[in-house]
Amino acid sequence: MPLARGDRPARCDGTGTEANRRRRRNRDLRRDGHRSHRGRRGRRADDEKIMTIITRFPPSPTGTLHVGSARTALFNFLFARAQGGKFLLRIEDTDRERSRAEYADQIIAAMKWLGLDWDGEIVYQSRNAGIHRQTAERLLEQGAAYRCFCTEESLEAKRVAMRTQGKPYRYDRTCRRLDHAESDRRAAAGERFVVRVIKPAGSAPPAPQVPASPTPAGGITYQDLLHGTITLREEDLDDIIVMKGDGRPLYHLAVVCDDIAAGVTHVIRGDDHLDNTPKQIVIYQALGEKLPTYVHIPLILGSDRKRLSKREGAENVLEYREAGFLPDAVLNFLALLGWSHPEGREILGRDELIRAFSLDRVGTAAAVFDLTKLRFLNGKHVHGGPPEARARLLADYLTRRGETPPSTADLSAMLKVNGERGDTLAEIADYVRFFWVRPKTYDEQAFKKFLEGRKDLVEKIRREFEALADFEGESMEIFFRDFSERGGLKFKEVGQAIRVMLTGKSVSPPIFQSAALLGRTETLLRIDAAQEALATQK
RNA sequence: GGGGCGGUAGGCGAAUGGUAGAGCCGCCGGCCUUUCAAGCCGGAGUCUGUGGGUUCAAGUCCCAUCCGCCCUGCCA
């Protein structure tokens, strides 16, 4: 039974406007959608009896996992997990020409990386083609669909003709007027045909889950959890094709069949499907199946307010892994695009997301993808854990990039010194790499400012490092403060000179702790190298 | 062309029809400091795309308009 029902006592008894009624109803719907079936005290088993919520994510393997799709997957995942339901993964490879196994594998890899673990086996839609075909035949037998012998070329010509006249295109239903005998004869003769489903006409459609205002001219009215009542009039619908001329099923048929087979209760998808839903509802109705609850979430846009494109940075989820982002941070960020925590919290781990998630806090406006905020959140996630965990993450990351990082124990010590510098693993690596990679060059400006013409100072610094009794960060700092004062220098000048010599840059983790970690031998070696550079430059 | 959906500071977003801009990112300034982050403190940015209407009261409901996105495929 659908969760959202219209059988509750009327609560807007004629005092409000129709609009008010509608609004309230929408609000109620949203609430029911996320509040679960589970245990409503006092309400007995009538329609609200235990029903497991089942959501699904159905990517088509015609490309890698797009961040927008990842967010759709996330919402399905979070809703199912929050409600103790199931989250299914189905690869929609119905279009054999466009689908590629490599993409399916990449999408699966991306899902795993994100930690969006699904229940049960992955369904490959193409394997259900037989069922889809049988369903089309059943539709044909029932008279809910008909064979169409029009060629693609003639259809295209009609489309162009209508468009050039500025008129809306609809299939002219030539083949719908064919009588059965002729249709059968032509089919038997081997003529190619597609199967079209007859759009509802004339009468009002059977009431969906919640009674809505009747649609005068037929058409389809349905309830969306987020958008409320969506109506498409009869003239705005068409007799859609569900089976191609080669006998292969098409998307709208395939999703409906597979969702029914899987017992999907909630269809959470991008709002680009808002207008596709009626086409699918027609099939549900012809099949006598009850509708799932529809939840159309807004799309993600690029900074130009257009559909997120490649130049916005990565649209492929796996590219974020390469750029040094953490899956939890990506999930956190994606969740915040369209959903907000009831208490306004923003830095949330996967489990916190599951605990706090509800559909009634999902908005309806498209959101712009903001890489800066993703980076901020990633910084929070990556620095949130202990240095040891970060060390493992970083080691894996570097290894994958073909670098050879130090042991995680050593890395961990370096990261402790590094503190919270760097938002991504890539940036963190840039901060700490000097520990195990000697600077080959020096930042030009820094070299000029802090080393050039300071041979004597460098020489003195070297001597002190060599003579230092205790090669430890804090005592070194105290020593060099005193050293600066004695030499009539600013501590900053000395510190920066050392920094440039040891790291090659003017920005780095605290330099004395770094030197301590580097050790006396390495520190002296680097000063020697700097002296050499100083000498050759002259 | 037809239809659907959306529009609150630069971005994400709060706000039972009741003082709008909570909170976060970013930006600017300050503190801290050996550099840079982090952290803490403060600040700018504005009146909900626009115009009507309903109401004692509208970001919220209605109409129109503009803009954006989507559908209008033998793609999904």
Side-chain angles (χ1 to χ4, degrees), chain A residues 16-20 22-23 27 58-60 62 92-95 97-99 125 148 150-152 155-156 159 162-170 192 194-195 224 227 230-233 235-238 240-246 248 250-252 254-255 270-276 278-279 296 298-299 301 303 305-307 333 336-341 343-347 363-377 379 383 418-423 427 431 446 477 480-481 484 490-496 498-500 503 505-512:
Chain A
T17 60
E18 163 59 23
N20 273 333
R22 197 175 85 178
R23 202 168 56 253
R27 209 160 49 214
S60 73
T62 50
E92 302 221 324
D93 54 352
T94 283
D95 186 332
E97 279 74 45
R98 296 186 196 198
S99 297
Q125 189 167 59
C148 174
C150 296
T151 63
E152 289 183 66
L155 257 19
E156 181 57 25
R159 232 185 325 262
M162 294 304 274
R163 281 305 290 272
T164 50
Q165 286 175 52
K167 288 181 188 160
Y169 170 76
R170 295 284 113 75
R192 256 174 95 92
V194 301
V195 176
D224 180 275
H227 296 270
I230 304 291
T231 299
L232 266 85
R233 291 165 315 200
E235 62 263 37
D236 296 320
L237 299 171
D238 206 351
I240 62 155
I241 299 174
V242 295
M243 188 68 74
K244 306 203 326 177
D246 61 4
R248 285 179 180 166
L250 249 14
Y251 170 68
H252 293 296
V255 251
D271 64 16
D272 49 340
H273 283 288
L274 230 23
D275 296 312
N276 284 330
K279 302 172 191 170
H296 288 100
L299 265 18
L301 307 177
S303 53
R305 290 239 152 236
K306 297 211 184 299
R307 195 170 207 168
F333 172 69
L336 257 20
L337 242 38
W339 172 83
S340 61
H341 188 281
E343 287 154 33
R345 291 183 53 204
E346 298 222 318
I347 298 160
T364 50
V368 172
F369 187 92
D370 182 9
L371 191 61
T372 313
K373 184 146 189 184
L374 205 210
R375 294 179 72 263
F376 165 80
L377 286 172
H383 295 297
N418 182 55
E420 298 189 26
R421 271 158 271 252
D423 283 332
E427 289 167 9
Y431 269 112
E477 182 186 329
F480 277 102
R481 274 186 196 282
S484 310
K490 282 187 191 145
F491 181 44
K492 181 177 169 175
E493 295 176 73
V494 176
Q496 284 300 75
I498 297 170
R499 190 185 309 281
V500 177
T503 71
K505 302 182 220 172
S506 62
V507 174
S508 83
I511 199 58
F512 296 108

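We name chains A, B, ... by the order of the sequence lines, and we start the count at 1 in each one. Side-chain atoms are counted along with the backbone in the values below, which use heavy atoms only and exclude waters and symmetry mates.
- For Lys306(A) and G68(B), the shortest distance from a side-chain N or O to OP1 or OP2 is not below 4.0 Å.
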Do any N or O atoms of the protein come closer than 3.5 Å to N or O atoms of nucleotides 2-5 of chain B, and which pairs are they?
residue	atom	partner	partner atom	Å
G3(B)	N2	Asp275(A)	OD2	2.7
G4(B)	O4'	Asp275(A)	OD1	3.2
G4(B)	O2'	Asp275(A)	OD1	3.3
C5(B)	O3'	His227(A)	ND1	3.0

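- Under the 4.0 Å criterion applied to side-chain N and carboxylate O atoms, Lys373(A) and Asp370(A) are not assigned as salt-bridge partners.
- An OP1 or OP2 oxygen of C12(B) is reached within less than 4.0 angstrom by a side-chain nitrogen or oxygen of Arg305(A).
- Across all strands shown, nothing is found opposite U46(B) as a Watson-Crick or G-U wobble partner with both distances under 3.5 Å.
- With Gln496(A) contributing its side chain and Lys492(A) its backbone, the two residues share no donor-acceptor pair below 3.5 Å.
- You'll find a donor-acceptor pair under 3.5 Å spanning the side chain of Lys373(A) and the base of C24(B), going by distance alone.
- Along RNA chain B, the nucleotide nearest to Asp272(A) and the one nearest to Glu156(A) differ in position, and the one closer to the 5' end is contacted by Asp272(A).
- Taking 4.0 angstrom as the limit, Lys279(A) places a side-chain polar atom (N or O) nearer than this to OP1 or OP2 of U72(B).
- Annotation: the span from Thr62(A) atom OG1 to Glu97(A) atom CD amounts to 12.5 Å, rounded to 0.5 Å.
- Within the nucleic acid shown, Ser340(A) comes within 4.0 Å of sugar-phosphate atoms alone, with no base atom in reach, counting heavy atoms only.
- Within 4.0 Å (heavy atoms only), Gly419(A) reaches no atom of the nucleic acid at all.
- One N or O on the side chain of Arg421(A) and one on the backbone of Asn418(A) form a donor-acceptor pair closer than 3.5 Å.
- No engagement by Ser484(A) is indicated, since no non-hydrogen atom pair under 4.0 Å with the nucleic acid exists.
- When the side-chain nitrogen and oxygen atoms of Arg345(A) are compared with OP1 and OP2 of C24(B), none of them lie within a distance under 4.0 Å.
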Can you tabulate the close N/O pairs, meaning under 3.5 Å, that link protein atoms to atoms of nucleotides 39-46 of chain B?
residue	atom	partner	partner atom	Å
G39(B)	OP1	Lys380(A)	NZ	2.7

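- Atom-to-atom, CG of Leu337(A) to C1' of G11(B) comes out at 10 Å; the value is rounded to the nearest Å.
- Of the charged side-chain nitrogens involved, at least one lies within less than 4.0 Å of a carboxylate oxygen, so that Arg233(A) and Glu235(A) count as a salt-bridged pair.
- Residue-level contact check: Gly338(A) touches the backbone only, with heavy atoms under 4.0 Å from sugar-phosphate atoms and none from bases.
- Val194(A) comes within 4.0 angstrom of a base, heavy atoms only.
- The residue among Asn276(A) and Glu343(A) whose nearest nucleotide of RNA chain B is located toward the 5' end is Glu343(A).
- C75(B) atom C1' lies 12 Å from atom CD of Glu152(A), rounded to whole Å.
- Arg163(A) has no side-chain polar atom (N or O) that falls below the 4.0 Å cut-off from OP1 or OP2 of G73(B).
- A salt bridge links Arg159(A) with Glu156(A); the closest basic N to acidic carboxylate O contact falls under 4.0 Å.
- Pair check for C32(B) finds none; no Watson-Crick or G-U wobble contact set falls under 3.5 Å.
- Taking atom NE2 on His252(A) and atom P on A76(B), their separation rounds to 8 Å, with Å as the unit.
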